[in-house]
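The structure appears right after this line, and notes come after that.
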Amino acid sequence: MASSQELPKNYDFAEVEERWRSTWRDEDHYFDRNSKKPQFVIDTPPPYPTGNFHIGNALNWCYIDFFARYKRMKGFNVMFPQGWDCHGLPTEVKVEELNNITKNDVSREEFRRLCRELTEKNIGLMRITLRKMAFSTDWSNEYVTMQPKYYGKTQLSFLRMLASGYIYQSEHPVNYCTRCETAIAFAEVAYDDRETQLNYFDFDGVEIATTRPELLAACVAIAVHPDDGRYRELKGRTMKVPLFGHNVPVVLDEAVDPAFGSGAVMICTFGDKQDVHWWKQHNLALRKAIDRQGRMTEIAGKYKGLNTTECRTAILAEMKTQDILKRQEKLAQRVGACWRCKTPIEILSERQWFVKIKPKEIADAAHQISWYPEHMLRRMENWVDQMEWDWCISRQRIFATPIPVWFCKKCGEMTVPEDKDLPVDPTQVSPKHPCKKCGSTEFNGEVDVLDTWMDSSISVLNVTGWDGSGTPPFFPAQIRPQGHDIIRTWAFYTILRSVALTGQKPWNEILVNGMVLGEDGFKMSKSRGNIIVPEEIVSKYGADALRQWGAMGAATGSDIMFNWNDVVAASRFQTKMWNITKFALIQLEKEGFEPEAQITALADRWLLVRLSDTVEQVSNALEAYQFDVALKAIREFAWDVLADNYIELVKGRLYKSDESRKGACLALHTAFDALCRLLAPFTPYFAEECYSHLSPGNSVHKQPWVAFTYDDDAARLEGNLLVQVVAEVRKYKHDAGLALNAPLGKVTIYAPHTVNDEGDTGRTLNADVHWRTDVAKLDRVITGIDFNRSAIGPTFRKQAQAFMAAITTLSPEQLANPPKTIMLEGTETAVPENTFTPKYSYMEEGAQVDVITVGDVILTIAKA
RNA sequence: GGGCUUGUGGUCUAGUUGGUUAUGACGUCGCCCUUACACGGCGGAGGUCACCGGUUCGAAUCCGGUCAGGCCCA
């Protein structure tokens with residue numbers, strides 16, 4: 001045990017956190033592939049390397065670290081990997097911005113190099129934050145999706161799913177961002193409210209309303225509702241498209257809303273998802289009026305080359321000139337936009353690569369996983385239920401995993417590389433063998449690349465050791481922690497890919513965390529100016545305080561508002577604990593503690609039984625990932641039970657030097673040691689610092705989880721009563737205008753059992769305290785009745801109110817000595833025990849006394 | 001429009017297998033510098049548990065409806 005002289009008066013979190021950070025060793029957190037311990041593999045989220053580890057990430061990582069550390073102490077072989085999901089548009093856009101270029105200004109290889117460099121730099125910055133926050137990362141299992149080692153696996157997974165028929169290519173309408181010049185998946189479409197114009201114009205004699213006149217050139221049909229009387233004569237007709245002159249059929253479809261616009265609608269390829277639906281349903285022609293850059297094609301005739309906005313203006317002007325534009329109305333509309341750049345998406349028909357979505361397979365696997373909180377499973381079910389199109393995985397970008405296939409220049413046959421040649425970039429190298437079909441050696445490498453989710457959806461396969469064959473050695477992982485915002489993407493795609501590649505669910509459990517909102521209750525955003533970054537909190541109050549905020553801010557799974565108050569409260573708890581530490585160490589080093597000492601005093605037994613209760617509560621809460629419940633129980637035990645009550649009770653005994661001191665020291669040591677361990681997962685720096693003084697040279701993080709149990713129901717009951725007695729006397733002093741340490745004279749406590757308090761009560765109250773078990777000789781006056789409703793209700797049901805009314809009418813003598821039966825609504829009814837207690841006030845004969853009752857206990861305080 | 005979710009003192013929050021006086025933090029008011037701690041201790045004030053109705057002897061808790069917020073989707 002360290003000398004308490006060494007303990008500084010104040011806890012300096014900056015100094016302590018820095019010191020332990022430079023002392024701890026990474027190897028202590030490595031997953032042991034040869035261990036006999038049960039495994040606990042965590043499929044951690046690989047963040048996008050923006051350079052800033054934001055507070056939402058911090059919350060998620062806090063949760064991960066809490067249970068990673070807990071599971072290690074419980075004897076599990078824990079893997080807490082750290083991944084980086086590198087590929088994708090934001091980095092490409094950033095590189096274009098920083099270098100003032102576009103992706104077409106330099107070679108693909110050069111552009112990729114710039115992206116890799118920026119990503120490396122950003123990862124470096126984020127690693128620093130991770131270390132500051134004391135996450136027990138397994139750095140031997142770090143993975144970076146842009147490195148060949150990883151994207152080789154992405155390519156291997158692509159080839160496996162291509163071979164098994166999950167992946168195919170086809171021409172199909174896809175969501176397309178014309179700014180990013182790439183196809184995107186439905187999961188990447190965000191919807192925005194906009195106000196637009198609904199234009200009514202004359203279409204070959206019929207009035208049509210459209211929000212997108214620029215698509216007139218792509219019009220392939222007119223649709224009306226089959227029962228709409230206004231258009232009965234249109235059936236079977238073809239109509240001439242204004243301005244462009246091509247003929248289109250009229251189709252009947254029940255999905256047309258006769259109340260919207262004029263009730264007649266033009267179908268274009270493609271204005272929206274509904275157009276795609278009708279186009280398929282009625283086997284219509286395909287007219288591509290917009291190209292990949294968002295410009296009008298030849299089909300648009302003289303409008304060719306204009307962008308869609310320019311084209312819309314031009315066509316509306318032309319309609320006015322020809323006097324076919326009737327009127328315009330404002331219309332509130334929801335527009336799909338690219339979630340990265342907010343540009344409204346177009347639906348273009350392109351040759352793309354797709355992954356087949358098999359909803360039942362995914363739903364079945366999702367149901368085999370335990371969801372925390374449970375209701376998050378609903379979100380997955382809803383998403384699975386409404387999937388209409390397959391997953392479009394090809395992107396027309398550069399910084400991403402290349403699609404590893406070639407096409408024969410002569411015959412078009414597809415060639416794929418062998419496993420051992422992965423990773424490959426088919427635009428840089430050629431196949432090793434000539435075309436199987438025609439023998440040609442001329443190939444075109446696929447220039448499309450893969451959706452980033454193709455990388456990250458195999459994170460679990462990567463960390464569990466997948467090599468392309470069968471089930472990986474550590475599969476499935478024990479848990480997936482992630483936010484509810486990416487259930488429809490990361491969770492969905494991961495389940496899909498695990499089932500496709502291994503036939504099994506990816507994890508046993510999934511823990512879903514909420515979103516972090518700003519102090520004003522809104523989502524954090526630059527425009528609101530309510531962004532708080534983890535670094536700021538760490539520098540002001542320390543990582544441990546931030547971690548406590550993460551645990552306590554809200555129940556697991558619900559959104560959590562950032563709140564400086566909670567951080568300050570967390571920091572104050574550490575101050576309190578630090579003072580407890582100083583007190584404990586000073587007392588323990590005085591004469592040392594004896595592990596074999598006898599625990600006999602009520603206060604000591606009470607402390608231990610309350611500790612035992614706390615350990616059980618905290619352990620149960622952690623098993624259920626209820627971090628708020630766990631930390632709250634720890635704080636309550638430390639602050640309320642140990643500091644405010646136990647220490648105050650036994651102080652006098654500790655200042656003495658006799659046998660009764662030893663029990664208190666043992667109890668104090670036991671509680672303090674346990675507290676350090678309980679706090680270790682939550683506040684790793686602080687717990688380590690405290691423990692290092694109790695047990696120099698040993699790390700609390702290498703200790704087993706607390707296994708302390710102490711069974712003593714009587715101590716819990718009587719100790720709680722003792723604490724209440726002390727509180728009541730304090731209140732009595734307060735009400736009497738006395739200082740809390742003012743001497744009180746003779747106090748007699750009539751308790752139902754013999755209490756061995758070793759004089760604690762008397763010293764605490766500064767009074768001459770006498771415990772007695774006989775009946776107080778007092779005159780008592782009944783002032784009321786306490787009913788025990790939880791006993792009365794089940795017994796009397798509908799007669800409960802009547803029963804209580806009847807008891808109220810009894811005389812004081814009868815209340816003191818209740819009759820066996822009572823008349824209730826004309827029936828003689830038994831009076832059960834424990835249904836009520838008379839409320840007494842007492843007068844002691846011959847002496848002026850004040851009387852306090854606490855449950856079964858009666859106190860008399862002699863008046864001075 | 002649909003699904004999920006939430007509504008508790010001034011603010012944030014616990015509590016929903018129905019049961020005596022609804023938890024804690026911050027703030028606020030009063031007393032106290034008692035040899036671990038004034039970054040502390042003790043005590044107080046402050047709530048029709050969103051609203052309406054139902055079930056029940058008894059509802060913050062269960063059921064139905066209304067209003068309001070959040071998220072996801074159409």
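Each chain gets a letter, A, B and so on, in the order the sequences are listed, and its residues count up from 1.
The A/His484 side chain lies nearest to B/C71 when the options are B/C57, B/A36, B/C71.
A/Trp578 places a side-chain N or O within donor-acceptor distance of the main-chain N or O of A/Pro8, the cut-off being under 3.5 Å.
Nucleotides B/G65 and B/C26, compared at atom C1', are 36 Å apart to the nearest Å. For the C1' atom pair drawn from B/C31 and B/U66, the interatomic distance equals 48 Å after rounding to whole Å. B/U56 and B/A60: their C1' atoms are spaced 16 Å apart (whole Å).
Cation-pi geometry between A/Arg480 and A/Trp490 is met: the NZ or CZ atom falls under 6.0 Å from the ring centre, inside 45° of the normal. Both the sub-6.0 Å distance and the 45° axial angle are not jointly satisfied by A/Lys273 relative to the ring of A/Trp278.
Counting non-hydrogen atoms under 4.0 angstrom, A/Leu517 reaches nothing in the nucleic acid.
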Under 4.0 Å protein heavy-atom contacts per nucleotide of nucleotides 38-44 of chain B, with B for base, S for backbone only and - for none
SBSSSSS
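Between A/Lys582 and B/A36, a side-chain N or O to OP1/OP2 separation shorter than 4.0 Å is absent. In this structure, A/Tyr655 reaches the B/A36 phosphate: one of its side-chain N or O atoms is under 4.0 Å from OP1 or OP2.
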Verdict with reasoning, A/Thr683 to A/Arg547, per side chain to side chain donor-acceptor pair (under 3.5 Å)
CA-CA 7 Å; A/Thr683 57; A/Arg547 294 170 60 107; over 6 Å; no
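The interatomic distance linking A/Lys632 (NZ) with B/U23 (C1') rounds to 8 Å, in whole Å.
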Expected output check: what is the dot-bracket annotation of RNA chain B, where ( ) and [ ] are pairs inside the strand (brackets for crossing ones), | is paired with another strand, and pairs are Watson-Crick or G-U under 3.5 Å?
(((((((..(((......[....))).(((((.......))))).....(((((..]....)))))))))))).
